[in-house]
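I have placed the structure first, in the form of structure tokens, so that the comments after it can refer back to it.
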Amino acid sequence: MTLKDAVQGTPYIIRDIATDDQELNAFLFSLGCYSGESITVVSHLKGGCVVSIKDGRYTIDNHLAEAIAVVEPSCADSA
């Protein structure tokens with residue numbers, strides 16, 4: 001499942017970020033958005049979504065939201 005398909009208000013664990021852009025990966029890492037970290041969709045917008053990572057809220061566009069694979073915490077233990 002990708003972040004774009006995630007249910008609003010449900011916490012997920014980031015499984016993978018599918019991008020070849022090293023600058024984008026470094027930027028996301030600086031926000032706390034990396035594999036194994038918890039992320040919650042606060043709201044879905046027409047062009048993307050607002051997410052909560054650690055103590056911050058960020059707007060992520062749909063293209064990037066489709067590149068972030070997430071799993072529910074109960075599934076992360078078995079994956």
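Throughout, numbering of the chain's residues begins at 1 and tracks the sequence. Side chains included, hydrogens not; waters and symmetry mates left out as well; all remaining heavy atoms used. None of the values given here were measured: they were computed from a predicted structure.
- Under the 3.5 Å distance criterion, the side-chain polar atoms of H44 are left unmatched by any main-chain donor or acceptor of V7.
- Rounding to the nearest 0.5 Å places CD of Q8 at 5.5 Å from OG of S43.
- A donor-acceptor pair under 3.5 Å is absent between the side-chain atoms of T40 and the main chain of V42, judged by distance alone.
- Taken to the nearest 0.5 Å, the OG1 atom of T19 stands 12.5 Å off from the CZ atom of F27.
- Under the 4.5 Å side-chain contact rule for hydrophobic residues, L31 and I14 share a cluster.
- The two residues Y12 and V70 come nearest to each other via the heavy atoms CB-CB, 3.8 Å.
- In this structure, Y58 is a member of the same hydrophobic cluster as L24, with clusters built from ILVMFWY side-chain heavy atoms closer than 4.5 Å.
- Of the possible polar contacts, none joining the T2 side chain to the A69 backbone as a donor-acceptor pair under 3.5 Å is found.
- For the pair V41 and T10, the minimum side-chain heavy-atom distance is 4.5 Å or more.
- Rounding to the nearest 0.5 Å places CD1 of I68 at 12.5 Å from CG of D5.
- L3 and V50 sit in two unconnected hydrophobic clusters of ILVMFWY residues. Membership requires side-chain heavy atoms under 4.5 Å apart, directly or through other members.
- In the hydrophobic cluster analysis, where Ile, Leu, Val, Met, Phe, Trp and Tyr join through side-chain heavy atoms closer than 4.5 angstrom, V51 is grouped together with M1.
- In this structure, L64 CG and N62 CG are separated by 10.0 Å, a value rounded to the nearest 0.5 Å.
- Taking both residues in full, the closest heavy atoms of P11 and P73 are given as O-CD, 3.3 Å, listed atom of the first, atom of the second, then distance.
- A distance of 5.5 Å separates SG in C33 from CD1 in I60, rounded to the nearest 0.5 Å.
- Residues L28 and Y34 fail the side-chain proximity criterion, which asks for heavy atoms closer than 4.5 Å.
- To the nearest 0.5 Å, the span separating CD1 on I39 from NZ on K54 amounts to 11.5 Å.
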